[in-house]
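Reading through the structure tokens given below for one structure.
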Amino acid sequence: RDGPTRAAETAVFQEIYSLMTFNFGARLRLAGGLRLALVYRQEFQVPYAIATQNLVGGNELTIRIDARGLYTPHELILGAALERSRLTLNLDLQYSFWSPWAGPFVRVEAELLGAGTLAPPLPPPRYHDTLAVRAAVAGAVLRGTNFSLWLRAGAFFEPSFVGDQTGRTNQLDGDKIGLGLGFGLRWERIGP
């Protein structure tokens with residue numbers, strides 16, 4: 001619209017909504033230091049849409065943008081831990097439901113008076129579900145009267161969720177391998 005000096009000025013209105021997803025978990029302690037856990041994480045995404053109405057050379061041009069950002073899929077995780085006095089072993093399996101995702105693409109539609117609606121098609125999604133594996137070990141290397149020092153090591157493998165890419169639009173992704181090393185200090189009691 002025209003501003004105070006009759007130069008074109010823009011106005012932007014933005015409304016941000018709160019989003020909520022659910023995480024559920026259960027843990028079961030069994031005999032012999034064995035623990036099992038089951039966790040479900042609901043998918044998360046931030047939808048956004050932008051609609052603009054423009055006047056270009058006396059002709060109305062409407063542009064609509066629709067996308068979803070910060071996507072994480074539904075996840076189901078099964079974990080197991082075996083704990084002994086000086087050693088703990090952990091194994092987690094994580095199943096991620098990537099196949100229903102439409103992808104990170106932005107849908108753009110333009111409507112020009114006399115030309116109709118222009119909406120280029122989005123690339124077809126080529127995603128598949130994945131199963132990631134995580135393993136870790138922790139062992140006490142030093143024990144005092146009320147403290148212990150633990151060394152920890154872990155590794156994970158997570159395959160790529162992107163399928164074969166033979167189209168005009170390709171995405172960068174690959175299998176992921178991680179290694180970790182750390183330590184922990186445990187106090188049995190602090191103070192009298």
Side-chain angles (χ1 to χ4, degrees), residues 16-48 67-106 123 125-166 169-192:
I16 300 175
Y17 299 96
S18 297
L19 300 173
M20 183 175 74
T21 61
F22 294 97
N23 294 334
F24 298 103
R27 185 175 68 173
L28 180 63
R29 289 180 183 257
L30 301 172
L34 181 62
R35 293 175 300 186
L36 299 176
L38 183 65
V39 175
Y40 167 74
R41 295 184 188 135
Q42 187 179 14
E43 79 174 355
F44 179 82
Q45 59 185 329
V46 178
Y48 63 92
R68 307 283 183 265
L70 301 176
Y71 181 80
T72 56
H74 293 284
E75 295 172 341
L76 191 60
I77 301 140
L78 177 63
L82 181 61
E83 189 170 302
R84 298 292 185 213
S85 63
R86 299 180 68 95
L87 187 69
T88 302
L89 302 171
N90 296 290
L91 179 66
D92 291 350
L93 300 174
Q94 174 181 321
Y95 193 83
S96 300
F97 297 86
W98 287 100
S99 55
W101 187 38
F105 304 108
V106 177
R126 295 184 186 95
Y127 309 115
H128 55 269
D129 299 343
T130 61
L131 179 65
V133 178
R134 290 175 175 79
V137 61
V141 293
L142 179 63
R143 285 187 177 240
T145 55
N146 68 342
F147 76 94
S148 57
L149 177 67
W150 289 68
L151 287 182
R152 296 187 171 111
F156 76 88
F157 173 74
E158 185 174 342
S160 174
F161 61 91
V162 177
D164 294 338
Q165 301 190 70
T166 57
T169 302
N170 292 317
Q171 298 172 350
L172 296 176
D173 192 44
D175 297 338
K176 298 154 205 69
I177 298 173
L179 300 172
L181 187 61
F183 70 92
L185 190 57
R186 291 186 186 176
W187 273 280
E188 300 299 326
R189 61 186 178 277
I190 299 175

Among residues at least two apart in sequence or on other chains, which ones pass side-chain hydrogen bond (donor to acceptor under 3.5 Å, both in side chains) with [X]?
| X | answer |
| --- | --- |
| Ser148 | Trp150 |
| Ser96 | Gln94 |
| Gln42 | none |

Taking all atoms of both residues into account, what is the closest heavy-atom pair of [X] and [Y], and its distance?
| X | Y | answer |
| --- | --- | --- |
| Gly32 | Arg84 | O-NH1, 2.8 Å |
| Ala132 | Arg134 | CB-NH1, 3.8 Å |
| Val106 | Ala67 | CG2-CB, 3.8 Å |

inquiry  = Holding to salt bridge (charged side-chain N to carboxylate O under 4.0 Å, His left out), I want the full list of residues that pass it with Glu83, two or more places apart in sequence or in another chain.
reply    =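 Listed in chain order: Arg35.
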Can you confirm whether [X] sits close enough to [Y] that some side-chain heavy atom of one is under 4.5 Å from a side-chain heavy atom of the other?
| X | Y | value |
| --- | --- | --- |
| His74 | Tyr40 | yes |
| Val133 | Leu91 | yes |
| Leu30 | Leu28 | yes |
| Leu93 | Leu131 | yes |
| Leu87 | Leu82 | no |
| Arg68 | Phe105 | no |
| Asn90 | Thr88 | yes |

task = Starting at CZ of Arg143, measure out to CG of Leu149 and round the result to the nearest 0.5 Å.
result =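 Arg143 atom CZ to Leu149 atom CG measures 11.0 Å (nearest 0.5 Å).
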message = To the nearest 0.5 Å, what is the distance between CZ on Arg27 and CG on Leu38?
response = 13.5 Å
Only distances under 3.5 Å count here; give the side-chain donor-acceptor pairs of residues 153-161 to other protein atoms, sequence neighbours excluded, each with its distance to 0.1 Å.
unit_1 : atom_1 : unit_2 : atom_2 : d
Ser160 : OG     : Val162 : N      : 3.2
Ser160 : OG     : Asp173 : OD2    : 2.6

Distance flag, aromatic centroids of Trp187 and Phe147, threshold under 6.0 Å =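 Between Trp187 and Phe147, which both carry aromatic rings, the centre distance is not below 6.0 Å.
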request  = Only counting residues at least two apart or in another chain, list the ones meeting ring-ring contact (aromatic ring centres under 6.0 Å, His included) with Phe44.
outcome  = none
task = For the residue pair Tyr95 and Phe97, categorise the inter-ring angle as parallel (less than 30°), tilted (30 to 60°) or perpendicular (more than 60°).
result = perpendicular
inquiry  = With a 3.5 Å distance limit and no angle check, can you tell me whether Asp129 reaches the backbone of Trp98 through a side-chain donor-acceptor pair?
reply    =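 Between the backbone of Trp98 and the side chain of Asp129 there is a qualifying donor-acceptor contact (under 3.5 Å).
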message = Under the criterion side chain to side chain contact (heavy atoms under 4.5 Å, CB included), I'd like the reasoning laid out for Ile77 against Arg41: C-alpha separation, chi angles, the key distance, then a yes or no.
response = CA-CA 8 Å; Ile77 301 140; Arg41 295 184 188 135; 3.5 Å; yes
